[in-house]
Amino acid sequence: MKWSQSLIPTLKENPSEAEIDSHKLMIRAGLIRRITAGAYAYLPLGTLVLNKVINIVREEMNRAGAIEVFLPALQPLNLLEESGRLNVFGDDLITFEDRHGKTTALGPTHEEIITDIVGNEINSYRQLPITLYQIQTKFRDETRPRFGVLRSKEFIMKDAYSFDIDYEGLNKSYKLMYDAYCRIFDRCDLDYIVVEADSGAMGGDVSHEFMVPSSVGEDVLIRCLKCGYSANRERAEFAPIPKENHVTLQTVKEVLTPNKHTIQEVSTFLKVSSSKMVKTMIYISNGEPIAVLLRGDHEVNETKLTKVLGQEAVALADHTTIEHVTGARLGFAGPVGLKTRIIADQAVSVLSNFVTGANKSDFHLLNVNTERDFKIDQIANVRYVTKGDKCPKCNHDLDISQGIEIGHVFKLGTKYSDALKAKFLDTNGKEKSMIMGCYGIGVNRIIASLIERSHDENGIIWPLLLAPYKVIIIPVNVSDTNSMQMANSIYEDLSNNPGIEVLLDDRDLRPGVKFKDADLIGIPIKIIIGRKFTETKELEIKLRKSGEIFLARPENIKSKIKELFETLSKY
RNA sequence: CGGGGCGUAGCGCAGUUUGGCUAGCGCGCCUGCCUUGGGAGCAGGAGGUCGGAGGUUCAAAUCCUCUCGCCCCGACCA
């Protein structure tokens with residue numbers, strides 16, 4: 001491609017709409033333009049990269065035995081109703097009414113559609129297992145689109161769905177997808193880690209997230225840097241906190257804490273560390289209020305709490321209920337004297353002489369102790385990891401960092417096949433629900449997270465396999481006939497080789513501008529025709545990433561480029 | 001959805017507090033000259049419903065009301 005014939009609008013200044021590096025660079029390098037909040041147009045360069053990522057995904061899916069389909073973006077509401085996810089998605093679902101008054105949704109994902117199809121078309125164990133996948137735009141009315149293509153209202157997702165006759169089969173299908181994901185992200189040159197995850201609104205049990213560590217990531221990842229244990233924030237386990245030895249129990253004392261109702265306020269007022277305080281949160285479980293005790297500096301993990309309680313979902317009690325249960329204004333709840341069931345976090349169970357609310361407005365209690373002052377009904381792990389927590393496997397310090405979720409694999413089981421009646425007859429002629437798995441990859445996120453991790457002050461640094469063009473030819477002076485003849489001849493020559501994608505910067509601009517642009521759009525290899533060429537007829541080859549420079553005579557250029565491809569693809 | 005901010009040329013911004021003549025600056029763009037190894041220089045030029053509607057006023061980018069859009073923090077989120 002000749003630069004002058006494409007549309008590559010580079011920007012010298014940072015766009016005001018962008019906050020993070022990848023977003024700024026995608027705009028500056030002319031990959032994307034925003035059309036409206038959460039929706040982006042991919043310009044020629046962006047489209048080339050997008051297609052490269054898609055091709056890699058497609059190749060690896062096919063290699064793993066998955067079969068490609070293409071599903072509609074339009075979805076009827078009844079299937080989402082049947083699976084119970086109409087409520088789960090709620091306002092995230094983009095819907096519209098057609099001219100006949102029928103409401104249709106723009107698909108946020110496609111479990112229901114695929115399950116419906118497979119349920120209709122597959123009837124026998126002989127037709128299983130099967131894994132179908134598609135690469136398609138999904139729509140979600142995100143409350144807050146952010147960070148360019150990292151969180152947008154429409155995005156491209158590869159989603160695959162496996163159908164098996166039993167859990168053994170599911171495990172195999174899952175493993176195949178898991179391995180394919182590793183190959184995809186390896187080929188995209190991403191540094192990623194895999195974490196255990198909770199399956200959340202998808203349903204099902206086992207799940208893994210593929211994350212790219214990044215300070216701009218919206219997901220929290222918990223890792224043990226010693227033994228390799230890793231999980232996301234909802235899922236992460238940690239070692240129990242040991243009980244202090246030889247503690248003398250002190251006498252309970254009621255103290256006045258006027259209008260101090262947050263942990264922070266009480267901590268400051270009484271000069272007691274929040275880790276020596278216990279907060280009492282009133283939840284509603286099965287219609288009954290229960291008390292959940294947590295150390296002052298800890299946060300409740302509702303995902304874990306939900307599981308402990310064996311519920312679908314839990315919610316904090318409203319103010320009136322809390323005041324009724326505790327007999328005090330909000331902020332002065334404590335376990336002493338409470339009549340409700342009391343669930344204590346493990347960290348609370350090992351604490352002694354702590355501070356709690358007195359169940360009396362404007363008062364707290366000092367030196368409260370479990371057993372002596374109140375009874376715990378159940379000790380459980382219902383909190384998030386905090387700094388200082390230890391690895392559940394090797395007791396080393398846990399590391400808490402952020403990451404971008406680029407892929408997620410789930411073992412769904414029969415949640416959807418039960419709801420949408422996707423059944424088959426087994427060898428005994430008995431009807432059974434198919435065992436499902438689902439597997440997603442955020443295609444746009446691969447690009448953004450790659451840039452997030454691979455750029456410098458001059459611009460993007462593409463890995464060879466994702467670069468929109470692998471080589472850029474820069475004639476320093478386009479009005480010099482010899483240079484231009486050489487540039488065109490190399491361009492023609494290299495363009496005839498399918499694997500070498502070449503961009504010729506034929507614009508009549510000063511060299512500085514062309515060098516800066518080449519760096520900005522991140523082309524791995526530059527071929528510069530300039531001073532050296534005039535002097536010695538040699539061409540200069542410069543690498544974007546390392547800055548290394550090689551000289552080659554025109555007749556050797558093709559072999560040199562191929563040699564560099566070899567080197568660049570080895571890492 | 002709660003809180004904050006912004007909207008002036010293709011991009012980045014000043015001007016708005018305290019209303020005043022023809023609305024500015026940098027980059028980019030067009031023409032010419034010159035220049036050609038890291039975002040040159042000179043000369044000339046094009047480009048604006050000041051987000052939109054209504055109002056106040058002799059006079060509105062500037063004040064008031066409504067409205068649309070965008071960004072940030074939070075809540076939310078496979």
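Naming: A, B, ... by sequence-line order, numbering from 1 per chain. Scope of the values below: all heavy atoms of this structure, side chains included, with no hydrogens, waters or symmetry mates.
At B:rC71, one or more side-chain N or O atoms of A:Arg34 fall inside 4.0 Å of OP1 or OP2 (strictly under the cut-off). In this model, the phosphate group of B:rC73 is approached by a side-chain N or O of A:Arg146 to a distance below 4.0 Å at OP1 or OP2. Contact between the side-chain N/O atoms of A:Ser16 and the OP1/OP2 oxygens of B:rC13 is found at a separation under 4.0 Å. A sub-4.0 Å separation between OP1 or OP2 of B:rG28 and a side-chain N or O of A:Lys12 is present. Considering only side-chain N and O atoms, A:Thr36 lies nowhere under 4.0 angstrom from the phosphate OP1 or OP2 of B:rG69.
Taking the C1' atoms as reference points, B:rA46 lies 16 Å from B:rC27, given to the whole Å. B:rC6 and B:rG15 have their C1' atoms separated by 15 Å, with the value rounded to a whole Å. Taking atom C1' on both B:rC76 and B:rU65, the two are 33 Å apart, rounded to the nearest angstrom. Comparing B:rG47 with B:rC11, their C1' atoms are spaced 14 Å from each other, to the whole Å. Nucleotides B:rC50 and B:rG7 are separated by 9 Å at their C1' atoms, to the nearest Å. Using atom P as the reference point in both B:rU57 and B:rC64, the two lie 16 Å apart (nearest Å). Taking atom P on both B:rG12 and B:rG51, the two are 14 Å apart, rounded to the nearest angstrom. The gap from the P atom of B:rG48 to that of B:rC71 amounts to 26 Å, rounded to the nearest Å.
In this structure, CG of A:Asp505 is placed 13 Å from C1' of B:rG38, rounded to the nearest angstrom. We find that CG of A:Asp92 is positioned 8 Å from C1' of B:rC76, with the value rounded to whole Å. B:rG37 atom C1' lies 16 Å from atom CZ of A:Arg507, rounded to whole Å. The interatomic distance linking A:Phe515 (CZ) with B:rU36 (P) rounds to 14 Å, in whole Å. When the P atom of B:rC71 is taken as reference, atom NE2 of A:His23 falls 8 Å away, rounded to whole Å. Between the CG atom of A:Leu93 and the P atom of B:rC77 there is a distance of 15 Å, given to the nearest Å. Atom CZ in A:Phe139 sits about 18 Å away from atom C1' in B:rC77, given to the nearest Å. Straight-line distance from the CG atom of A:Leu11 to the C1' atom of B:rC27: 10 Å, rounded to whole Å.
Base engagement by A:Asp519 is indicated by at least one non-hydrogen atom pair under 4.0 Å involving a base atom. In this structure, A:Glu540 reaches the bases: a heavy-atom distance under 4.0 Å links it to at least one base atom across the strands shown. Note on A:Asp517: a base of the nucleic acid sits closer than 4.0 angstrom, heavy atoms only. Residue-level contact check: A:Lys532 touches the bases, meaning some heavy atom is under 4.0 Å from a base atom. Using a 4.0 Å heavy-atom criterion, one finds that A:Phe155 contacts the bases of the nucleic acid, with or without backbone contacts as well. A:Arg33 comes within 4.0 angstrom of no nucleic acid atom, judged by non-hydrogen atoms across all strands. At the heavy-atom level, A:Ile474 lies nowhere under 4.0 Å from the strands shown.
Heavy-atom distances to RNA chain B give each of A:Phe147 and A:Lys514 a nearest nucleotide, and the one nearer the 5′ end belongs to A:Lys514.
Side-chain atoms of A:Lys542 stay outside donor-acceptor range of the base of B:rG37, with no qualifying N/O pair under 3.5 Å. Not a single donor-acceptor contact under 3.5 angstrom links the side-chain atoms of A:Asn458 to the base of B:rG38. Not a single donor-acceptor contact under 3.5 angstrom links the side-chain atoms of A:Arg531 to the base of B:rU36.
A:Thr303 and A:Glu234 are not linked by any side-chain donor-acceptor pair at a separation below 3.5 angstrom, with hydrogens and angles left out of the test. Judged by distance alone, the side chains of A:Tyr439 and A:Ser162 do bring a donor and an acceptor atom under 3.5 Å apart. A side-chain donor-acceptor contact under 3.5 Å links A:Tyr174 and A:His208. Counting only N and O atoms by type, the side chains of A:His110 and A:Lys138 include a donor and acceptor under 3.5 Å apart.
Residue A:Arg151 places its side chain closer to B:rC77 than to any other of B:rG37, B:rU35, B:rC77. Nearest nucleotide to the side chain of A:Ala37, out of B:rG37, B:rC70, B:rC73: B:rC70. Closest to the side chain of A:Asp508, from the set B:rU36, B:rC71, B:rG39, is B:rU36. With distances taken from any side-chain atom of A:Pro511 to the nucleotides B:rG12, B:rG37, B:rA40, the minimum falls on B:rG37. The listed nucleotides are B:rC77, B:rG38, B:rC70; the one nearest the side chain of A:Lys516 is B:rG38. In this structure, of B:rC11, B:rG37, B:rG38, it is B:rG38 that holds the atom nearest to the side chain of A:Lys526.
For the residue pair A:Asp191 and A:Pro213, the shortest heavy atom distance occurs at O-CD, 3.4 Å. Scanning both residues, A:Asp21 and A:His455, for their nearest heavy atoms gives OD2-NE2, 3.2 Å.
The pairing partner recorded for B:rG47 is none, the criterion being a Watson-Crick or G-U wobble arrangement whose two distances lie under 3.5 angstrom. In this structure, B:rG7 forms a base pair with B:rC68, meeting either the Watson-Crick or the G-U wobble geometry with both donor-acceptor distances under 3.5 Å.
Using a 4.0 Å cut-off between a side-chain N of Lys or Arg and a carboxylate O of Asp or Glu, A:Asp517 and A:Arg507 qualify as a salt bridge.
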Could you walk me through whether A:Arg531 and A:Glu540 satisfy the salt bridge (Lys or Arg N to Asp or Glu O under 4.0 Å) test, starting with their C-alpha distance in whole Å, then the side-chain angles of each, then the deciding distance to 0.1 Å, before giving a yes or no? CA-CA 9 Å; A:Arg531 190 193 293 138; A:Glu540 192 179 322; over 6 Å; no
